[in-house]
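Below: one structure, written as structure tokens.
On a predicted model such as this, the values are computed, not experimentally measured, just so you know. Scope of the values below: all heavy atoms of this structure, side chains included, with no hydrogens, waters or symmetry mates.
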Protein chains: 2
Amino acid sequence: MSDLLERLRTRGWRLTAQRRVVAEVLEGDHVHLTADEVHARAAQRLPEISRATVYNTLGELVNLGEVIEVSTDHRAKRYDPNAHRPHHHLLCARCGAIRDVHPVGNPLADLPESERFGFSVSEVELTYRGICPDCTV
Amino acid sequence: MSDLLERLRTRGWRLTAQRRVVAEVLEGDHVHLTADEVHARAAQRLPEISRATVYNTLGELVNLGEVIEVSTDHRAKRYDPNAHRPHHHLLCARCGAIRDVHPVGNPLADLPESERFGFSVSEVELTYRGICPDCTV
DNA sequence: ATCCTACAATGGACGAAGTCCAAGTCAAGT
DNA sequence: ACTTGACTTGGACTTCGTCCATTGTAGGAT
Ligand SMILES: [Mn+2]
Ligand SMILES: [Mn+2]
Ligand SMILES: [Zn+2]
Ligand SMILES: [Zn+2]
């Protein structure tokens with residue numbers, strides 16, 4: 001059993017076949033699948049798994065901090081299992097390809113108190129956009 | 001007539017009542033409306049304006065660089081007429097409130113060549129998340 | 001090993017955001 | 001005033017996501 005599933009079980013997760021395959025599909029680096037892509041891959045291993053369950057499971061994983069939701073403004077949200085090492089994203093404006101990147105510096109420190117307007121700021125999301133090598137003519 | 005409409009007319013835009021009211025609705029600072037909000041406000045002045053026209057007009061304004069699309073991951077995209085001064089956004093995770101912010105520093109310079117993976121990077125979007133004063137108990 | 005039940009899965013209806021199109025309308029150049 | 005190509009319209013359609021009543025089952029209790 002993967003570390004992930006082990007961790008979840010100790011948090012009271014009931015270990016179902018559906019949750020298992022969703023977790024399996026999300027294994028690896030640079031994985032940024034949409035919910036429907038997760039569903040398609042999960043369904044290869046467990047054909048009767050429903051979309052609702054995939055959405056439920058992804059939502060729980062996000063709440064538990066095991067998966068990050070990335071909104072790429074290509075239409076659907078993407079689900080990123082690389083939740084443990086903070087990083088940002090570089091994405092191709094043409095084909096939607098997405099890469100993890102680790103910029104130097106701390107954008108949170110770059111937001112002066114005078115620009116916080118009384119918000120308690122806790123998170124920062126940094127998205128670089130460009131054209132990937134494959135899309136460059 | 002506003003500067004915006006003047007500029008658009010010289011670019012070959014046909015000046016219709018619909019486009020006029022959409023442009024009017026977008027006037028001002030810190031405006032970050034969804035397409036349906038734009039439609040609702042436009043319809044107060046011009047009741048028969050259609051959703052399709054609002055979407056068309058907003059899309060054209062974005063292509064012309066007069067309006068910026070902001071994806072807030074609350075569901076709908078927001079349309080931002082403040083396209084001429086570069087800025088980023090601070091948003092409330094609870095109520096969706098959104099503010100323009102001007103962090104110091106240049107995030108583009110913070111992405112080393114080794115982290116660009118052959119992309120030609122042209123744009124960077126920085127989103128701060130937190131809880132706004134109104135949502136703090 | 002079997003039972004029990006609270007939790008989880010299912011599928012289909014529903015909703016929100018956005019796109020598309022054929023038909024009708026009109027801005028603006030002549 | 002005419003003409004015409006650009007613009008608008010409303011509604012059908014798609015995609016992404018949520019909701020819910022019903023059915024199934026993981027895992028603790030016996
Ligand atoms: Mn990632
Ligand atoms: Mn703005
Ligand atoms: Zn690409
Ligand atoms: Zn708020």
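Summary of the strand contacts: Ala35(B) and Thr16(B) both lie near DNA chain C, and taking for each the nucleotide with the nearest heavy atom, the more 5' one is attributed to Ala35(B). Sequence order on DNA chain C of the closest nucleotides to Gln18(A) and Arg14(B) puts Gln18(A) first from the 5' end.
A stem is defined here as three or more consecutive Watson-Crick or G-U pairs, each with both distances under 3.5 Å; for DNA chain C these stems are C:1-30 with D:1-30.
In this structure Arg7(B) satisfies the side-chain contact (heavy atoms from CB on, under 4.5 Å) test together with Asp3(B), Leu4(B), Glu66(B), His84(B), sequence neighbours excluded.
If you take CZ of Arg11(B) and P of dC7(D), they are 14 Å apart, rounded to a whole angstrom. Summarising the geometry, the separation between CZ on Arg19(B) and P on dC26(C) is reported as 15 Å, rounded to the nearest angstrom. Residue Glu69(A) contributes atom CD, which lies 15 Å from atom P of dC16(D) at whole-angstrom precision. The CD-P distance, from Glu37(B) to dG18(C), rounds to 11 Å in whole Å. Between Arg20(A) atom CZ and dA8(C) atom P there is a gap of 14 Å when expressed in whole angstrom units. For the pair His39(A) NE2 and dT18(D) P, the interatomic distance rounds to 15 Å; values are reported in whole Å. Per the geometry, CG belonging to Leu33(A) stands 13 Å off P belonging to dG17(D), to the nearest Å. What separates CG of Leu8(B) from C1' of dA6(D) is a distance of 15 Å, to the nearest Å.
Side-chain contact, Asn82(A) with His32(A): no donor N or O sits under 3.5 Å from an acceptor N or O.
If you check distances only, the side chain of Arg75(A) never reaches the base of dC16(D) with a donor-acceptor pair under 3.5 Å.
The minimum heavy-atom distance between Val31(A) and Pro81(A), with the atom names listed, is O-CD, 3.2 Å. In terms of heavy-atom proximity, Leu15(B) sits nearest to Arg9(B) at CD2-CD, 3.4 Å. Looking at every heavy atom in both residues, Ala35(B) comes nearest to Val54(B) through O-CG1, 3.7 Å. For the residue pair Pro107(A) and Leu126(A), the shortest heavy atom distance occurs at CG-CD2, 3.9 Å.
Contact check of residues 44-67 of chain A against DNA chain D (heavy atom, cut-off under 4.0 Å) returns Arg51(A), Ala52(A), Tyr55(A).
Rounding to the nearest 0.5 Å places CD of Glu24(A) at 13.5 Å from CZ of Arg41(A).
Using a 30° and 60° split on the angle between ring planes, His89(B) and His87(B) fall in the perpendicular class, above 60°.
A distance-only check finds no donor-acceptor pair linking the side chain of Arg51(B) to the backbone of Asp36(B) [under 3.5 Å].
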